[in-house]
Engineer: 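What follows is a structure written as structure tokens; I'll ask about it next.
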Protein chains: 2
Amino acid sequence: MTIKEIAQLAGVSSAAVSRYLNGGYISDEKKEQIRKVIEETGYQPSAQARMLRTKRACLVGVVVPKINSESISRVTAGIEEVLSRRGYQMLLASTDNEPEKEITYLKLFENYPVDGIVLIGTVITAEHRKFLKNSKVPVVVVGQYTKYANCIYHDDYGAGKAMGKYVAAELARGGGSDESGNRAGHRAGKAAYIGVTKEDKAVGVSREDGFRAGLKSGGAELEEGYIRQAEFTMESGYQAALDLLGEKQDIAVISCATDTIAAGAIEALLAYSKNRVPQAAKDSGTRMQYILDSSAVRVTGFGDNQFLKAVTGGIPTVHFGYKTSGIRGAELLLDVIERGEKIPVEMKLGFRMVC
Amino acid sequence: MTIKEIAQLAGVSSAAVSRYLNGGYISDEKKEQIRKVIEETGYQPSAQARMLRTKRACLVGVVVPKINSESISRVTAGIEEVLSRRGYQMLLASTDNEPEKEITYLKLFENYPVDGIVLIGTVITAEHRKFLKNSKVPVVVVGQYTKYANCIYHDDYGAGKAMGKYVAAELARGGGSDESGNRAGHRAGKAAYIGVTKEDKAVGVSREDGFRAGLKSGGAELEEGYIRQAEFTMESGYQAALDLLGEKQDIAVISCATDTIAAGAIEALLAYSKNRVPQAAKDSGTRMQYILDSSAVRVTGFGDNQFLKAVTGGIPTVHFGYKTSGIRGAELLLDVIERGEKIPVEMKLGFRMVC
DNA sequence: CTGTTAGCGCATTCAG
DNA sequence: CTGAATGCGCTAACAG
């Protein structure tokens, strides 16, 4: 069904139909004829052909690393909120944490086309920079800092530092004395950290650097051998935590770069406590040997995952303004789409410790 | 950058460039010239203009009710798997559980256009049927039965029934004797159910009907007053469970229509046990009055959520082949897209109790 | 207010 | 093997 056919059936010109569709001048009489024909045929104008002409789709594309994530869904909720309020629709493309797919989908959106793109960033490779520099459509990056596009990111360093301080304080509280560090609930022990790839500057670098700084400022330290790297999945966090628990017997806190990883660590603790029954006084050496009582190991995360909070009562974590970043990101994007705003913007959002 | 400009720069015709791009006959000499120019300019053909001609985008659109769901992400993972293997890309549209938005996005995809659509269904309204009947592009529905499109759904009735039987058995085990039903861990008590809207035939109707049937076949029953209806969210499950716990003191099991709702119920139990300290022998009537010991209330779900399993150790639930349904759905869709397969298909997938 | 015309960027005839 | 010409469905400019 094309506009031309509708025009013939209604006995008018295709331009008249176009005007009818787009609110141009048209007599009531013809308006009625056209309405009737469209009604009967169920005609719907081709969005693509329209776009070919108008270069305007009222559509924005959002590239996300994965679909099943509370933090990401909070960002997209924010985006969707302002988009729908301003008459835009949103299409998502999930890249499954593969940076190369990110490029593919960015290009797809670029010449599909959409009016604008928001990229929820993980790693910014040279390819990314290249794309951002000469993209035909405006892009805003959420979650990572970049100078090649408008971006809006979170204070990961600050959040890491706050968490580091908190953990250091916990450690100090728990391990007050030296040899007899086995008080109920708390015990002397060290901090462990499960991070992510350093290619992710926000989560992999800033957050971890901040954590280290926070620990240090609290008089603690992240020792070598107490660090693991995981993917952004629960399974990966599970493996990393299990590895940690198997190798080091004096861990008091496992801090994880995300709440999802933390969930995996909690799972590992559960599994560990089942297989490894406490056998405290079996050894009779001169020094008390640390036997890991996994129920005394605490886990911390980042992201303030509500699901985790609900079913576990909550772990120490950090709340980021994910929804806000979505909202601001979308607003930024619409500013350049609709008003051609040219001056670049970098926006850093704060956080809130939750413990 | 258009194909015409490339042609000029390379000193050939636009048709030659088109052939170069699409693997038509072209001399090596011109091939080289064109390659060079494209390289330099970073030219990318406009997908939309191509589609306008070819009616083929190698793209499928997927309409989902929400983004942050493990079950849905498993379906989309299945879809993506076969799509990418066969050279297609996938775009997602999230409707936020609003059926009317579903229609909007279906129409968007229809004339955007994509080559095919998969709808992860919740409710099938008259509007939906109308769309399915005269959609220009093939649609397959996943998760709901419909006769207006190829569909692939799960045995929700069977799953509900299996869960019902399981719960009935648990109930029988827990409340063996009559007056002294207070054994450690288990106690006499009734089954409660938190369902969802009846407009969702699969989850709201089939699953619940099956559950009732299963209970009955196990000698138990779902009494009026022990049923609540929730949204597909944790918060909603939380409220419903709290309401249930406040009103009925003899609940032994809360069965929930989804694991997400179950997570909310678990949260409610946690909250309830904090505020409501057990005060068993305060009453001295002739009959022992039930005082809800929330730690004895068990929660069941549907969906086999891995996150929930990880951090809680797992609740009784049902595993559906979500990824499989995604795979089969995508295959079905490609069959009609590429081979014009005409005969309609309805596929029902099984399940597995997890307890 | 209306119809005619000319493209948007590309792929596909059809003559060379 | 190649280029010129045509049209996909639509809107924007223009002349009625």
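Keep in mind the model is a prediction, meaning the values are calculated, not measured.
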Engineer: Want to settle it: does B/Ala15 or B/Arg53 sit nearer the 5' end of DNA chain D, counting the closest nucleotide to each?
Structural biologist: B/Ala15
Engineer: Let's see if you get this right: which residues in residues 21-33 of chain B place a heavy atom under 4.0 Å from DNA chain D?
Structural biologist: B/Tyr25, B/Ile26, B/Ser27, B/Lys30
Engineer: What bend angle does the helix from C/dC1-D/dG16 to C/dG16-D/dC1 show across its length, from five-pair end axes and to the nearest 10 degrees?
Structural biologist: 50°
Engineer: Any side-chain heavy atom of A/Leu108 sitting closer than 4.5 Å to one from B/Leu91?
Structural biologist: yes
Engineer: Side chains of A/Ile120 and A/Ile72: closer than 4.5 Å at any heavy-atom pair?
Structural biologist: yes
Engineer: Using a cut-off of 4.0 Å on non-hydrogen atoms, how would the nucleic acid contact of B/Ala16 be classed: base, sugar-phosphate, or nothing?
Structural biologist: sugar-phosphate
Engineer: Should A/Val336 and A/Lys342 count as side-chain neighbours, where that means a heavy-atom distance under 4.5 Å?
Structural biologist: no
Engineer: Taking any atom under 4.0 angstrom from a heavy atom of chain A, which nucleotides of DNA chain D are the first and last to qualify, 5' to 3'?
Structural biologist: D/dG9 to D/dA13
Engineer: Looking only at atom types and distance, does a side-chain atom of A/Asp115 sit under 3.5 Å from a main-chain N or O of A/Val60, one as donor and one as acceptor?
Structural biologist: no
Engineer: Go through the structure and list residues passing salt bridge (Lys or Arg N to Asp or Glu O under 4.0 Å) with B/Glu110, not counting sequence neighbours.
Structural biologist: none
Engineer: Over all strands shown, is A/Thr54 touching base, sugar-phosphate only, or nothing at heavy-atom distances under 4.0 angstrom?
Structural biologist: sugar-phosphate
Engineer: Any salt bridge between A/Lys101 and B/Glu80, counting N to O under 4.0 Å?
Structural biologist: yes
Engineer: Would you call A/Glu39 and A/Lys36 a salt bridge, taking side-chain N to carboxylate O under 4.0 Å as the test?
Structural biologist: no
Engineer: I want to know whether A/Tyr322 and A/His154 have ring centres closer than 6.0 Å.
Structural biologist: yes
Engineer: Sequence neighbours left out, what passes salt bridge (Lys or Arg N to Asp or Glu O under 4.0 Å) with B/Lys323? Give chain and number order.
Structural biologist: B/Glu81
Engineer: Kindly compute the distance separating CD (A/Gln89) from NZ (B/Lys107), expressed to the nearest 0.5 Å.
Structural biologist: 11.5 Å
Engineer: Going by distance alone, is a donor N or O of one side chain under 3.5 Å from an acceptor N or O of the other, for A/Glu32 and A/Tyr20?
Structural biologist: no
Engineer: Quick one: does A/Gln144's side chain have a donor or acceptor within less than 3.5 Å of a partner on A/Ala202's backbone?
Structural biologist: yes
Engineer: Taking any heavy-atom pair under 4.0 Å as a contact, classify B/Tyr20: base, sugar-phosphate, or nothing.
Structural biologist: nothing
Engineer: Return the CD1 to CD1 distance between A/Ile79 and A/Ile327, rounded to the nearest 0.5 Å.
Structural biologist: 10.0 Å
Engineer: So where does chain B start and stop touching DNA chain C, 5' to 3', when the test is distance under 4.0 Å to a non-hydrogen atom?
Structural biologist: C/dG9 to C/dT12
